[in-house]
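Quick notes on the structure that follows.
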Amino acid sequence: MRSIRAAAAGAVTLSLALAATACGGGSATGGGSNDSPKTLTYWASNQGASIEVDKKVLQPELDKFEKQTGIKVKLEVVPWSDLLNRILTATTSGQGPDVLNIGNTWSASLQATGALLPWDTGNFGKIGGRDRFVDSALGSTGAEGEDPAAVPLYSMSYALYYNKKMFADAGISKPPATWDELVADGRKLSKDGKWALGMEGSNPSENIHHAFVFAKQHGADFFTADGKADFTSDGTVAAVKQYVDLMAKDKVIAPGNAEYAQNQSVSDFAKGKTAMLLWQSASANLASQGMSEDAYGIAPVPVQSGTPGTGKQVNSMVAGINLAVFKNTDNTDGATKFVKFMTSDAEQKILNKAYSTIPPVKSAQSDAAFATPANAVLKDTLAKSAVALPQVADESQFETAVGTAIKGLFADAAAGRPVTTASVKAALEKAQQQMPAA
């Protein structure tokens, strides 16, 4: 999750009490068919600065697919704030699109519903084989030991974007490599109505991504080795507090960011209102908002000390978007052809270039478009210092429960209420109580 993409998935559960809503597309009979061989419905996630930007990127490619195959694709770009709710409602009702984008962190949760087509050896063979995709991307396609629930489409990692002029004006010669350096630089930069760092405090998924990285840097995790929720260990509590303290104690994030959830922090950075941004593959988004590539630099996300790497030096989750097929599609063959088209070398170059993401298809990564300095940082992070979020069935509930708890802590910080170790632990305890019983 993440990024050029707008931010979070809203509060959801996997409960069968979800309302049955016809969302268009697949058959309700289950099992898949080819009853409608000339049409497909496609839910695309909002990757660009706006839904209109995504339509401009995607529609020419869908027209190209129709010309090649005779299959018309009905496109709907779904905001990230609605996407997970929409998908879960569709899995419950049996009424969904034929093909859809999913955040790669949701793969195991959606796999557990049984609603998505498994990508076994036979299905991978229809799109050129599993070995076309990089391992880090395949690692976020479903539970270990099971056939993937989706196919990688766009790969991303977090990076630190910084405004060169604002840094120079503050007498700062290089981007911060550690959190202590970021806070020290941030205090110099937060003045005259401008702030050091932009965040999306009301965005549960963004909160989870950053809190997960902080937890790894504290030697902790949100799940035990056997997949049980473990939200209240000392390391996890310290990690969440350090994240929220960027606003609450360090005062390098504007209190208003507690209400951000839809790309506002990217817009603030593009407009020079903030000096730094932690985001997934932001270059295309910034360009669409008029910010020149010469105006900013890109560096790895800070660590506690030293340089990014494995273990406690992890500085990003493995971010990305996967492409899935609803098992009850009424155009199984067409849906498979569409996945093959979208993951072809040619389309991978076009789409990932448009979104400043990294192709998860190995052969497409060699294109010169992905050799820019910004992409070099993203590729290096994915290769050396990024870790996939837990691929467990309860992952979407985890994002909702903990991400919303952190949203509440940011609200406290914005209102001037104390954010203490005790209050952080209480919020995480409440979140853990919302998780399904083991």
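The basis for the numbers below is simple: all heavy atoms, side chains too, and nothing from hydrogens, waters or symmetry mates.
- Ring geometry for F222 against F398 counts as tilted: the plane angle lies between 30° and 60°, on a 0 to 90° scale.
- In this structure, the side chain of T232 does not engage the main chain of L428 through any donor-acceptor pair within 3.5 Å.
- Remark: side-chain polar atoms of T141 are not paired, donor with acceptor, to backbone N or O of V151 under 3.5 angstrom.
- The shortest distance between side-chain heavy atoms of Q217 and N315 falls below 4.5 Å.
- By the 4.5 Å heavy-atom criterion applied to side chains, D230 and D221 are not counted as neighbours.
- N123 places a side-chain N or O within 3.5 Å of a backbone atom of P118 that can act as its donor or acceptor partner.
- Within 6.0 Å of NZ on K362 lie more than 12 heavy atoms contributed by other residues, nucleotides or ligands.
- The backbone N or O of L246 sits nowhere less than 3.5 Å from a side-chain atom of K249 that would complete a donor-acceptor pair.
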Practice problem: Walk me through it: do T224 and D226 pass the test side chain to side chain donor-acceptor pair (under 3.5 Å)? | Solution: CA-CA 5 Å; T224 62; D226 57 357; 2.3 Å; yes

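- The backbone N or O of A335 lies less than 3.5 Å from no partner atom in the side chain of D98, so there is not a single donor-acceptor pair.
- Side-chain contact check for Q434 versus T400: every heavy-atom pair is 4.5 Å or farther apart.
- Residues N163 and Y296 are not in side-chain contact: their nearest non-hydrogen atoms beyond the backbone lie 4.5 Å or more apart.
- Panel note: side chain W80, backbone S45; no donor-acceptor pair is recorded below 3.5 Å.
- Here the closest heavy-atom approach between residue A49 and residue S288 is recorded as CB-OG, 3.1 Å.
- With ring centers used as reference points, F212 lies 6.0 Å or more from F223.
- Across all non-hydrogen atoms, the minimal contact from S107 to Q391 is CB-OE1, 3.6 Å.
- Counting non-hydrogen atoms of neighbouring residues, nucleotides and ligands closer than 6.0 angstrom, the NZ atom of K164 exceeds 12 such neighbours.
- Within 6.0 Å of CD in Q59 there are more than 12 heavy atoms belonging to other residues, nucleotides or ligands.
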Quiz prompt | Verdict with reasoning, S33 to D330, per side chain to side chain donor-acceptor pair (under 3.5 Å) | solution = CA-CA 5 Å; S33 71; D330 51 14; 5.9 Å; no

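- At a threshold of 4.5 Å between non-hydrogen side-chain atoms, the residues S396 and L84 count as touching.
- With hydrogens and angles disregarded, a donor-acceptor distance shorter than 3.5 Å links the side chain of Q348 to the backbone of L153.
- Side-chain atoms of K379 come within 3.5 Å of backbone N or O of F370 as a donor-acceptor pair.
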Quiz item: Are Q289 and S267 close enough, and set up right, to give a side chain to side chain donor-acceptor pair (under 3.5 Å), and what steps lead you there?
Solution: CA-CA 7 Å; Q289 299 191 55; S267 296; 2.8 Å; yes

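- You'll find the side chain of E61 reaches within 4.5 Å of the side chain of E347, heavy atoms only.
- For the residue pair S265 and E200, a side-chain donor N or O sits within less than 3.5 Å of a side-chain acceptor on the partner.
- The backbone N or O of G114 sits less than 3.5 Å from a side-chain atom of K327, completing a donor-acceptor pair.
- Side-chain contact check for P176 versus L160: some heavy-atom pair is nearer than 4.5 Å.
- Between D82 and R86 there is no salt bridge, since none of the side-chain N atoms of the basic residue sits less than 4.0 Å from a carboxylate O of the acidic one.
- Residue N101 forms a side chain to side chain donor-acceptor pair (under 3.5 Å) with just one option from W43, Y42, Y154, and that option is Y42.
- D268 and Y260 share a donor-acceptor pair across their side chains, judged by distance under 3.5 Å alone.
- Nearest heavy atom pair, residue A170 against residue L189, reads CB-CD2, 3.8 Å.
- Side chain of D54 to main chain of K56: no donor-acceptor pair is present (N/O by atom type, distance under 3.5 Å, no hydrogens or angles).
- Nearest heavy-atom pair across I208 and G403 is CD1-N, 3.6 Å.
- No side-chain donor-acceptor contact under 3.5 Å links N104 and N322.
- Below 30°, between 30° and 60°, or above 60°: for Y243 and H210 the angle between ring planes is between 30° and 60°, a tilted geometry.
- For the pair M199/M247, no side-chain contact is recorded, criterion being any heavy-atom separation below 4.5 Å from C-beta on.
- Under 4.0 Å is where a charged nitrogen must lie from a carboxylate oxygen, and between R187 and D250 at least one such pair does.
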